[in-house]
Student: 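I am attaching a structure below and will ask some questions about it afterwards.
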2 protein chains.
Amino acid sequence: MTAPVRGRRRGRPDTRAAILEAARARFAEAGFTGTTIRAVAGDAGVDPALVHHYFGAKDDLFVAALELPVDPRAVLAEQVVGPVEGAGERLLRALIGVWDDPAVRPALLAMVRRLMEPGGDALFRGGFLPVVLVPLGEALGVDAPERRMQLVASQVIGVIVLRYVVRADAIVAMDADALVAAYAPVLDGFLAGPL
Amino acid sequence: MTAPVRGRRRGRPDTRAAILEAARARFAEAGFTGTTIRAVAGDAGVDPALVHHYFGAKDDLFVAALELPVDPRAVLAEQVVGPVEGAGERLLRALIGVWDDPAVRPALLAMVRRLMEPGGDALFRGGFLPVVLVPLGEALGVDAPERRMQLVASQVIGVIVLRYVVRADAIVAMDADALVAAYAPVLDGFLAGPL
DNA sequence: GACCGAATTCATCATGTGTTGAATAATGCG
DNA sequence: CGCATTATTCAACACATGATGAATTCGGTC
């Protein structure tokens, strides 16, 4: 049995990546304040000090863990932008594609959890809304993008919470087509219906 | 009965109530783990030990703060149950009525925040779903109440998050009629539309 | 083989947490 | 008044947390 070995490890294990992965999982599961550096270090099989060595403070770890393998704006520009007709379905399919990718979901979950913690409103108003939602609305060419995209968000976030945070079985059980059938009409209504 | 109790009676101003109110506000704002007993005591202008004196551990404080001035099932039974036609509007108006009551909102917010924290899925599956959602669906006489009510919940929770947690301005600005106009058709579709 | 830098751990600090028990002040009853 | 009872605070404990700096070990380079 290996006694606790001090000093550098043999071979070239990518410890940094292990820490990042553990941090993503923890942040996704427990949010920012609910995640402890010691727990992350434990999951990665590593001393807490090493976490600080690679990423500085806890805040820095968080933004590092948030670095998405995907740029949401690129995904939206490629898969969603286009005519308003069918925009709801395209949005849903892009959303599901990204969220069901296990490499990306933890980071997204962490962001959603952060949205609910104190200061989350600022994150929404200062980040999510102007950076993602409104530009998307404008790219789709809808009128009153602020209002309509907030309506859209109110449905999308509900789906995300029930499917990925709270894991309500009926919503989890739906595949992409079922989700589109249920929600695309709603989103289309928010995008193009009467206000 | 009990012998005549001698001695000091109750706090001068009702300190107990002050603590409860402070606790409700903090739990609503920051969730369970994000709320510290010292902060509650500080808000109530009181020593932390007094909080323990009145309510025992932090868990007990939380359940005491959660005690709603309203029984959600009673509200639903009175204002929502009825024919499926118009159920969406009735549900929305009841919801808004309860959530916009400043005496109740903090406790509700605290519950929603708890739903997002670790273990929130259990709270949903073991509490909210079987105690509130499914009975309501059955009382409305819809088919497949589990599925339909989870769809309803996915929209309702989205509205709650955007309006009360994240306070998205466009959603906050809507009055009851505007909310009904926007969301009642969606809910009716989930309750009675095709699956 | 010597040496430098990177990887890793250890011991430790300062702080904030929930909680406890004793101590003091106020109140009401006989 | 004096006593019982409650309200309230003080001081402190035990623990977890984020963070730091020194120490140790390894990998690669001259």
Side-chain angles (χ1 to χ4, degrees), chain A residues 1-24 26-27 29-66 110 113-114 117-119, chain B residues 1-24 26-27 29-66 110 113-114 117-119:
Chain A
M1 48 188 304
T2 59
V5 177
R6 197 161 162 170
R8 183 167 187 163
R9 286 182 184 174
R10 223 172 284 248
R12 243 157 297 177
D14 198 349
T15 322
R16 195 192 142 99
I19 294 176
L20 247 192
E21 192 181 351
R24 284 214 180 89
R26 282 281 178 180
F27 282 132
E29 194 66 27
F32 179 79
T33 50
T35 293
T36 124
I37 292 213
R38 284 172 161 84
V40 171
D43 289 355
V46 139
D47 190 276
L50 195 58
V51 178
H52 281 96
H53 173 62
Y54 280 122
F55 321 84
K58 192 183 177 185
D59 295 345
D60 305 328
L61 212 213
F62 187 71
V63 315
L66 274 197
R113 282 234 152 81
R114 190 84 180 81
E117 294 183 12
Chain B
M1 295 289 290
T2 57
V5 276
R6 309 188 299 189
R8 182 170 186 167
R9 278 305 131 93
R10 60 173 174 324
R12 272 223 284 271
D14 198 346
T15 324
R16 197 193 141 97
I19 295 176
L20 247 193
E21 191 181 352
R24 284 216 180 86
R26 283 282 177 178
F27 282 133
E29 193 66 28
F32 179 78
T33 51
T35 293
T36 126
I37 292 214
R38 284 174 160 86
V40 171
D43 290 355
V46 136
D47 189 276
L50 196 58
V51 178
H52 281 91
H53 174 61
Y54 279 122
F55 319 85
K58 192 184 177 185
D59 295 346
D60 305 329
L61 212 212
F62 187 70
V63 315
L66 272 199
R113 282 234 151 83
R114 191 84 180 81
E117 294 183 12

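Values reported hereafter were calculated over all heavy atoms of this structure, with side chains retained and with hydrogens, waters and symmetry mates removed. Lettering follows sequence order; numbering is per chain, from 1.
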Student: Measure from the side-chain heavy atoms of Ala49(A) and tell me the nearest of dC10(D), dT17(C), dT20(D).
Tutor: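 Within the option list, the nearest is dT20(D).
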
Student: Would the distance check show the side chain of Arg113(B) and the main-chain N or O of Glu29(B) forming a donor-acceptor pair, the cut-off being under 3.5 Å?
Tutor: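 Side chain of Arg113(B) to backbone of Glu29(B): a pair is present.
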
Student: Kindly assign one of parallel, tilted or perpendicular to the pair Phe32(B) and Phe27(B), based on the angle between their ring planes and the thresholds 30° and 60°.
Tutor: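 Phe32(B) vs Phe27(B) ring planes: parallel.
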
Student: Using a 4.0 Å heavy-atom cut-off across all strands, classify Leu50(B) as base, sugar-phosphate, or nothing.
Tutor: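 Touches a base.
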
Student: Below the 4.0 Å mark, does dG18(C) have OP1 or OP2 next to a side-chain nitrogen or oxygen of Thr36(B)?
Tutor: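 Yes, because at least one side-chain N or O of Thr36(B) sits under 4.0 Å from OP1 or OP2 of dG18(C).
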
Student: Output the rounded distance in Å from CG (Leu61(A)) to C1' (dT17(D)).
Tutor: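 Computing the Leu61(A):CG to dT17(D):C1' distance gives 14 Å.
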
Student: What is the distance from CG of Asp60(A) to P of dA19(D), rounded to the nearest Å?
Tutor: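 So the CG-P distance, Asp60(A) to dA19(D), works out to 8 Å.
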
Student: Whether the side chain of Arg38(A) and the base of dG18(D) hold a donor-acceptor pair under 3.5 Å is what I'd like checked.
Tutor: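 Pair found.
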
Student: Send over the distance from Asp47(B) CG to dA25(C) C1', rounded to a whole Å.
Tutor: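 Interatomic distance, CG of Asp47(B) to C1' of dA25(C): 14 Å.
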
Student: Please give, in whole Å, the distance from dT19(C) C1' to Phe55(B) CZ?
Tutor: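 Rounded to the whole Å, the gap is 16 Å.
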
Student: Does Tyr54(B) put a side-chain nitrogen or oxygen below 4.0 Å from OP1 or OP2 of dT6(D)?
Tutor: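 So the side chain of Tyr54(B) is outside the cut-off, no N or O lying under 4.0 Å from OP1 or OP2 of dT6(D).
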
Student: Would you mind classifying the nucleic acid contact of Thr33(A) as base, sugar-phosphate or nothing, using non-hydrogen atoms under 4.0 angstrom?
Tutor: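 No contact at all - Thr33(A) keeps every heavy atom at 4.0 Å or more from the nucleic acid.
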
Student: Among Ile37(A), Asp60(A), Asp47(A), Leu61(A), exactly one meets side-chain contact (heavy atoms from CB on, under 4.5 Å) together with His52(A). Which residue is that?
Tutor: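 Answer to the side-chain contact (heavy atoms from CB on, under 4.5 Å) test with His52(A) among Ile37(A), Asp60(A), Asp47(A), Leu61(A): Ile37(A).
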
Student: Is a side-chain N or O of Asp43(B) found less than 3.5 angstrom from the main chain of Val40(B), in a donor-acceptor match?
Tutor: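 No; judged by distance alone, with no hydrogens or angles, the pair does not exist.
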
Student: Could you give the CZ-to-P distance, from Arg26(B) to dT17(C), as a whole number of Å?
Tutor: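 Taking atom P of dT17(C) as the reference, CZ of Arg26(B) is at 10 Å.
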
Student: Using OP1 and OP2 only, check whether a side-chain N or O of His53(B) sits under 4.0 Å from dA7(D).
Tutor: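 For His53(B), the contact criterion (side-chain N or O under 4.0 Å from OP1 or OP2 of dA7(D)) is met.
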
Student: Looking only at side-chain atoms of His52(B), point me to the closest of dT9(D), dT20(C), dA19(D).
Tutor: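 Taking heavy atoms from C-beta onward, the closest nucleotide is dT20(C).
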
